[in-house]
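One structure is given below, encoded as structure tokens.
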Amino acid sequence: MDIHCLPIARSDETLYSVVARIRLANAARNDIDACQSLFGPSRNTRVSDFPVNLKWFCDVTQDCFGDPSRVLADMTLSGFFERLGSRPWNSGSAPTPIITAGYGLSTLSNGSTSKWRMCLRCVESDLRCHATAFWRRAHHLPTAFVCPIHAAPLASCILAPLERHKRFLLPEQTEADTVKPHIDWAAHHHALSRLTVLGMDVLEDTRQSIDADTVHATLNNALGDRGLLTATGMLRCLPFSSEFMHRYQFLSGHPDFTPALSPQGIAILQRSFTHPAPARSAIHNLLLVDWLFGSWQAFHQHCHWQATIDCAPSQQARHAPEAAPQTHRRKCLEFLDSDGKATRSRFARAAPTSFRWLLRFDQTWFDTTLPIRSKNKQPGLF
């Protein structure tokens with residue numbers, strides 16, 4: 001494809017949508033030929049899954065849409081998933097930079113190849129102002145239920161797999177799903193709007209991503225404040241699943257949320273609170289933030305506080321390496337001397353700060369000095 005004309009990128013437009021409009025403004029043999037011209041040669045023959053090389057794209061377009069980092073930040077959902085710590089793609093054991101990794105076009109743009117949403121009022125407005133509509137990132141967030149511009153419910157689009165693989169499709173070239181909604185909009189309007197705002201706050205956040213260990217500790221502290229952790233820091237699975245499902249049961253009929261809220265999905269979520277924790281899905285992370293903190297800003301504030309607390313022992317260690325361990329060890333030994341029936345649960349109540357510090361930073365010594373008491377109390381027969 002010879003590129004003679006480049007359209008102006010619109011606010012919040014996805015990379016897929018920009019490429020579709022470039023193809024519309026220039027002559028090419030077919031849409032695969034357009035993809036190869038914009039992203040480099042590839043043996044892939046699916047338009048929606050075509051491997052993205054942003055360095056090639058920016059070279060071909062002469063940086064008219066910005067450099068690769070700017071295109072990645074402004075036209076894809078990579079930053080959104082990075083901030084949540086939940087990539088919808090497998091980065092492998094030796095991850096390659098997203099700019100040249102070759103992830104699929106619609107996966108980078110929408111977070112999925114099969115989920116497409118639009119606001120009918122946005123399409124009408126776009127056609128009236130620009131003659132063509134475009135796909136928006138805000139409409140494809142995992143918790144996007146409402147259009148942030150018109151406050152109207154979003155419509156799912158019907159895109160047959162063969163059609164979306166063969167050619168580019170813009171919103172006016174698709175049909176809205178007229179099937180009965182999966183959620184009672186009137187009954188849950190407030191909750192759906194709140195979840196939509198949460199997703200938008202994550203998308204528009206420009207702060208540095210939070211460290212995974214800090215996120216893990218912050219979530220654990222919030223669960224502990226709700227009484228959902230045992231004295232040893234283990235998750236109380238039954239109360240956790242009961243409260244979580246009571247709050248989000250209304251979403252279980254939605255096809256995008258059914259796997260996450262199924263018994264298997266809840267079990268996966270519970271296992272994610274082990275340490276080191278496996279990555280949680282974006283839906284699980286968003287629901288946890290909404291449930292435990294209420295907003296993305298409140299979650300960020302708690303993480304900042306947690307990072308400050310976690311930083312203190314390391315700073316002390318730089319000035320006096322043995323000061324902090326000896327302090328908490330001494331408290332543990334004093335407790336053992338003073339309590340003839342010393343157990344971890346008793347120590348956690350007597351010295352909660354030392355208990356948490358030893359469990360996190362000095363676990364080997366702690367396990368040796370005050371091991372977990374065996375639950376098998378049956379006396380031996382011989």
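The shortest heavy-atom contact between Thr143 and Leu195 is OG1-O, 3.0 Å. When all heavy atoms are compared, the tightest approach of Ala282 to Phe81 is CB-CE2, 3.7 Å. Minimum heavy-atom separation, Thr369 to Leu336: CG2-CD1, 3.5 Å. Summarising the geometry of Asn285 relative to Ser86, their closest heavy-atom pair is ND2-OG, 2.7 Å, with the distance given to 0.1 Å. Nearest approach of Leu170 to Ala133, heavy atoms of both residues: CD2-O, 3.8 Å. Nearest heavy atoms, Ala191 versus Phe250: CB-CZ, 3.8 Å.
With rounding to the nearest 0.5 Å, the separation of CD in Gln249 from CG in Leu251 is 9.0 Å. With rounding to the nearest 0.5 angstrom, the CZ atom of Arg117 is 14.0 Å from the SG atom of Cys122. From Glu334, atom CD reaches atom CZ of Arg329 across 14.5 Å, with rounding to the nearest 0.5 Å. Note that CZ of Phe80 and NE2 of His140 are 13.0 Å apart. Values are rounded to the nearest 0.5 Å. The CH2 atom of Trp56 lies 12.5 Å from the OG1 atom of Thr61; values are rounded to the nearest 0.5 Å. To the nearest 0.5 Å, the span separating OG on Ser156 from CE on Met118 amounts to 9.5 Å.
Judged by distance alone, the side chains of Asn53 and Thr100 never bring a donor and an acceptor atom under 3.5 Å apart. Side-chain contact check for Thr218 and His302: no donor-acceptor pair (N or O, by modelled atom type) lies under 3.5 Å. For Arg280 and Ser272, the side-chain atoms include at least one donor-acceptor pair closer than 3.5 Å.
The residues Asp201 and Arg83 are annotated as not salt-bridged, no charged nitrogen and carboxylate oxygen being separated by less than 4.0 angstrom. The residues Glu243 and Arg247 are annotated as not salt-bridged, no charged nitrogen and carboxylate oxygen being separated by less than 4.0 angstrom. We find that Asp213 and Arg360 are not joined by a salt bridge, their nearest charged nitrogen and carboxylate oxygen being 4.0 Å or further apart. A salt bridge is defined here as a Lys NZ or Arg NE, NH1 or NH2 lying under 4.0 Å from an Asp or Glu carboxylate O, and Lys55 with Asp67 fails to meet this definition.
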* Take Arg194 and Asp290 through the salt bridge (charged side-chain N to carboxylate O under 4.0 Å, His left out) test and state the conclusion after the steps. => CA-CA 8 Å; Arg194 187 183 67 247; Asp290 175 66; 2.6 Å; yes
Begin from the C-alpha positions of Trp291 and Phe240 and carry the test ring-ring contact (aromatic ring centres under 6.0 Å, His included) through to its verdict.
-> CA-CA 11 Å; Trp291 175 36; Phe240 172 87; 5.6 Å; yes
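A donor-acceptor pair is defined here as one N or O able to donate and one able to accept, closer than 3.5 Å; such a pair exists between the side chain of Ser338 and the backbone of Phe335. Put simply, the side chain of Ser37 gets close to the backbone of Asp33: a donor and an acceptor are under 3.5 Å apart. In this structure a side-chain-to-backbone donor-acceptor pair under 3.5 Å is missing from Glu172 to Leu127. Judged by distance alone, with hydrogens and angles left aside, the side-chain atoms of Gln270 form a donor-acceptor pair with the main-chain N or O of Cys237 at under 3.5 Å.
A search for ring-ring contact (aromatic ring centres under 6.0 Å, His included) contacts involving Phe168 returns Tyr16, not counting sequence neighbours. Residues satisfying the side chain to side chain contact (heavy atoms under 4.5 Å, CB included) criterion with Ser295, sequence neighbours excluded, are Gln297, Ala298. By the ring-ring contact (aromatic ring centres under 6.0 Å, His included) test, Trp296 pairs with Phe299, His300, sequence neighbours left out.
Atom CZ of Arg207 is surrounded by more than 12 heavy atoms from other residues, nucleotides or ligands within 6.0 Å.
Ring-plane geometry between Phe39 and Phe57 is classed as parallel, the angle between the planes falling under 30 degrees on a 0 to 90 degree scale with a further cut at 60. Using a 30° and 60° split on the angle between ring planes, Trp357 and Phe361 fall in the tilted class, from 30° to 60°.
Between Trp185 and His189, the ring center distance clears the sub-6.0 Å criterion. Aromatic ring centres of Phe244 and Phe273: separated by at least 6.0 Å.
Leu235 pairs with exactly one of Thr230, Leu269, Leu229 by the side-chain contact (heavy atoms from CB on, under 4.5 Å) rule, that one being Leu229. A side chain to side chain donor-acceptor pair (under 3.5 Å) with Arg137 is found for exactly one of Asp74, Asn110, Asp12, namely Asp12.
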